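Below: one structure, written as structure tokens.
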Amino acid sequence: MAISLGTDGGKGFNPVTGLMEAMSRHPTASAEFFNEGLREDINKDGIVTLQDKVTSGKDA
């Protein structure tokens, strides 16, 4: 079963499809994307940004 919300049977509106297609064309970018360290939401606003600190240890 393919995920497709398009009436023409296309890729639909699944944003992960486009992301994975782009990553398949740029291996260096995909390696950087998937190797990014986990970050802790230090100000507890529900948004994790590059200003938040990288988590390490068993919780990473």
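Starting from 1, each residue takes its place in the sequence as its number. Note that the structure is a prediction, hence the values are computed from the model and not measured.
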Q) Cluster question for you: counting only ILVMFWY and a side-chain heavy-atom cut-off of under 4.5 Å, with indirect links fine, are Val16 and Phe34 together? A) yes
Q. Going from CD on Glu32 to CE on Met23, what distance comes out if it is rounded to the nearest 0.5 angstrom?
A. 9.5 Å
Q. Listed by chain and number, what are the side chain to side chain contact (heavy atoms under 4.5 Å, CB included) partners of Val48, not counting sequence neighbours?
A. Arg39, Asp41, Asp52
Q. How would you list, by chain and number, every residue that makes a side chain to side chain donor-acceptor pair (under 3.5 Å) with Gln51, sequence neighbours excluded?
A. Thr49
Q) Shared ILVMFWY cluster between Leu38 and Ile47, side chains joined below 4.5 angstrom? A) no
Q: State the OG-CE distance between Ser30 and Met20, to the nearest 0.5 angstrom.
A: 8.5 Å
Q) Can you name the side chain to side chain contact (heavy atoms under 4.5 Å, CB included) partners of Lys53, sequence neighbours left out? A) Glu40, Ile42
